[in-house]
Undergrad: 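This is the structure I have questions about; it appears just below.
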Amino acid sequence: MVRPPEAPTPAPNLTAGHLSRSQHVVVVAGAVVVGALSWLVEGTSPNWARWVIVTLLAYCVGIYVVSRVVEGARHALDRLSTAVMTSAFCLVLLPLISVVWTVVQRGWARMDATFLTESMRGVVGEGGGAWHALVGTLIITGLTALMSVPFGLFTAIYLVEYGNGRLARSITAMVDVMTGIPSIVAGLFAYALFVIWWGPGTRSGISGAVALTVLMTPVVIRSAEEMLRLVPNELREASYALGVPKWKTIVKVVLPTAIAGILTGVTLAVARVIGETAPLLVTAGLAQDTNLNPFSGRMTTLPVYAYYSYATPGVPPQNGLDRAWSAALLLIIVVAILFTFARILSTFLKPKGLR
């Protein structure tokens with residue numbers, strides 16, 4: 001007896017039981033509507049922070065419920081975890097966006113040619129600019145980087161490539177202690193140091209650079225040390241197998257491999273100290289005109305300029321407040337330019353195989 005051929009088994013539908021893109025969009029749109037209703041019900045003006053928080057909570061609940069109905073409990077839990085992580089990232093990003101938006105909104109009014117090309121010499125009330133503060137910021141930060149980067153990089157190379165004994169452990173402990181030094185303590189240290197040399201009441205750009213060096217050096221050491229440790233030991237061993245000396249291996253193999261991370265760490269360290277105010281109030285002081293000599297006379301930086309413009313705005317006070325917000329915006333622009341330059345430079349300095 002010949003059996004009839006069995007019917008072919010249908011292929012499994014891999015798309016069945018999965019949320020489609022349109023369903024996901026509907027969940028997101030519904031969460032946004034729920035967030036909007038959180039302040040429309042009370043009839044108050046829009047509270048953007050509450051809107052975002054309620055929207056994220058509604059999105060987490062909505063995506064879990066819809067996914068549980070369509071995909072099942074296991075996939076729903078996975079989507080809920082993803083939604084919680086994404087919501088946490090948005091909540092962390094919210095204050096940053098708020099700060100940047102506020103600074104741009106209030107500081108753009110005075111961001112004109114006068115503000116970027118003139119100083120505060122002889123200015124009372126309206127007018128004046130931050131050219132002298134911008135120059136002072138670049139000079140003091142440049143001197144700080146000139147002292148901190150070589151010292152920090154050489155220390156990191158020693159700790160990673162050579163240091164194994166008590167000296168290396170002592171340096172590591174000292175770096176940890178320096179990382180937690182309050183900025184005002186670094187300013188008082190630099191002030192006391194230069195008072196011993198040049199007498200009481202000394203204010204200069206180089207003393208401010210020394211104070212910032214104390215703060216910047218441990219950050220450079222830590223970041224460079226971590227980047228150097230990420231370089232695979234196989235690269236070092238291959239270089240040693242070819243008979244290359246250790247110092248040349250570090251220069252030709254280790255540093256080019258880690259250069260992108262090192263530059264990023266240096267840029268972060270510069271961003272850490274470029275906004276310091278307390279140590280520069282003690283060491284560099286306040287000047288109303290441009291000073292190009294860091295070894296003589298007071299020198300103003302953008303954070304100090306913004307602080308004094310806000311603390312003593314003058315009459316009417318709105319002029320000083322506008323200058324303070326514009327100085328803060330200019331400082332953000334300078335830091336953004338530094339980050340962009342560092343990323344471009346690290347891309348060009350990377351070995352070809354790592355680009």
Side-chain angles (χ1 to χ4, degrees), residues 100 103-104 107-108 110-121 123 128-153 183 186-187 190 194 202-217 219-220 262-310 323-346:
V100 174
V103 173
V104 172
W108 191 254
R110 276 300 322 273
M111 192 61 64
D112 50 18
T114 301
F115 186 79
L116 297 175
T117 57
E118 295 184 4
S119 65
M120 289 298 295
R121 182 178 181 181
V123 175
W131 169 251
H132 62 302
L134 177 61
V135 171
T137 298
L138 297 178
I139 292 176
I140 292 179
T141 306
L143 290 174
T144 302
L146 191 63
M147 292 185 284
S148 299
V149 173
F151 184 75
L153 184 57
S183 58
F194 279 84
T202 300
R203 299 288 193 279
S204 62
I206 188 63
S207 60
V210 170
L212 297 184
T213 299
V214 177
L215 301 174
M216 181 175 172
T217 301
V219 181
V220 175
I262 291 174
L263 285 176
T264 302
V266 170
T267 307
L268 290 175
V270 170
R272 158 78 171 82
V273 301
I274 199 174
E276 286 291 345
T277 305
L280 297 177
L281 287 172
V282 178
T283 56
L286 176 68
Q288 303 296 334
D289 201 0
T290 305
N291 180 14
L292 300 178
N293 185 4
F295 298 96
S296 176
R298 297 171 180 261
M299 183 173 288
T300 303
T301 59
L302 285 172
V304 175
Y305 176 86
Y307 168 76
Y308 275 109
S309 297
Y310 184 82
R323 287 192 291 264
W325 285 109
S326 297
L329 177 58
L330 183 58
L331 187 62
I332 292 177
I333 294 174
V334 171
V335 173
I337 293 174
L338 289 176
F339 268 102
T340 304
F341 176 74
R343 297 303 299 173
I344 295 175
L345 188 61
S346 63

Undergrad: Got a donor-acceptor contact below 3.5 angstrom from the Thr213 side chain to the Ala209 backbone?
TA: yes
Undergrad: In Å and rounded to the nearest 0.5 Å, what is the CD1 to CG distance from Ile333 to Leu116?
TA: 8.0 Å
Undergrad: How far does CE of Met147 sit from OG1 of Thr217, to the nearest 0.5 angstrom?
TA: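 Separation between the atoms: 8.5 Å.
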Undergrad: Please evaluate residues Val219 and Leu268 with respect to the criterion side-chain contact (heavy atoms from CB on, under 4.5 Å), reporting the C-alpha separation (whole Å), side-chain torsions for both, the decisive distance (0.1 Å), and the verdict.
TA: CA-CA 8 Å; Val219 181; Leu268 290 175; 5.5 Å; no
Undergrad: For Phe339, is the CZ atom crowded, meaning more than 12 foreign heavy atoms sit under 6.0 Å from it?
TA: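 Correct, the count exceeds 12.
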Undergrad: Calculate, to the nearest 0.5 Å, the distance between atoms OG1 and OH belonging to Thr301 and Tyr307 respectively.
TA: 13.0 Å
Undergrad: Looking at Thr300 and Ala133, would you say the former's side chain and the latter's main chain have a donor-acceptor pair under 3.5 Å?
TA: no
Undergrad: Measure the shortest side-chain to side-chain distance between Leu134 and Val334 over non-hydrogen atoms and say whether it is less than 4.5 angstrom.
TA: yes
Undergrad: Do you know the tightest heavy-atom contact between Ala306 and Ala324?
TA: O-CB, 3.6 Å
Undergrad: Only counting residues at least two apart or in another chain, list the ones meeting side-chain contact (heavy atoms from CB on, under 4.5 Å) with Leu215.
TA: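 Leu215 satisfies side-chain contact (heavy atoms from CB on, under 4.5 Å) with Ser183, Ala186, Leu212, Arg272, Val273, Glu276, Pro279 once adjacent residues are dropped.
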Undergrad: Which pair of heavy atoms, one from Val335 and one from Ile274, lies closest together, and at what distance?
TA: CG2-CG2, 3.7 Å
Undergrad: Report the residues that fulfil salt bridge (Lys or Arg N to Asp or Glu O under 4.0 Å) with Arg343, sequence neighbours left out, ordered by chain and then residue number.
TA: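 If we apply the salt bridge (Lys or Arg N to Asp or Glu O under 4.0 Å) test to Arg343, skipping adjacent residues, there are no hits.
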Undergrad: Kindly compute the distance separating CZ (Arg110) from CG (Asp112), expressed to the nearest 0.5 Å.
TA: 5.0 Å
Undergrad: Could you report the tightest heavy-atom contact between Met120 and Tyr305, atom names first, then the distance?
TA: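 Of all heavy-atom pairs spanning Met120 and Tyr305, the closest is CG-CE1, 3.6 Å.
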Undergrad: In Å, rounded to the nearest 0.5 Å, how long is the span from CG of Leu138 to CG of Leu338?
TA: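 Here the rounded value is 8.0 Å.
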Undergrad: Under 4.5 Å between any side-chain heavy atoms of Leu330 and Met111, yes or no?
TA: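 In short, these two side chains touch, coming nearer than 4.5 Å.
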Undergrad: What heavy-atom pair brings Pro303 and Leu331 nearest, and what distance separates the two atoms?
TA: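 In this case the closest contact between Pro303 and Leu331 is CG-CD2, 4.0 Å.
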Undergrad: Can you name the closest pair of heavy atoms from Thr202 and Phe194 and give their distance?
TA: OG1-O, 4.1 Å
Undergrad: Is there a donor-acceptor pair under 3.5 Å between the side chain of Ser204 and the backbone N or O of Gly297?
TA: no
Undergrad: If you take all heavy atoms of Val149 and Met216, which pair is closest and at what distance?
TA: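 Looks like CG2-CE, 4.1 Å.
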Undergrad: Measure the spacing between NE2 of His132 and CG of Leu302 and express it to the nearest 0.5 Å.
TA: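 Atom-to-atom, His132:NE2 and Leu302:CG are 9.0 Å apart.
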Undergrad: State, yes or no, whether a side-chain contact exists between Val103 and Trp325 at a heavy-atom distance under 4.5 Å.
TA: yes
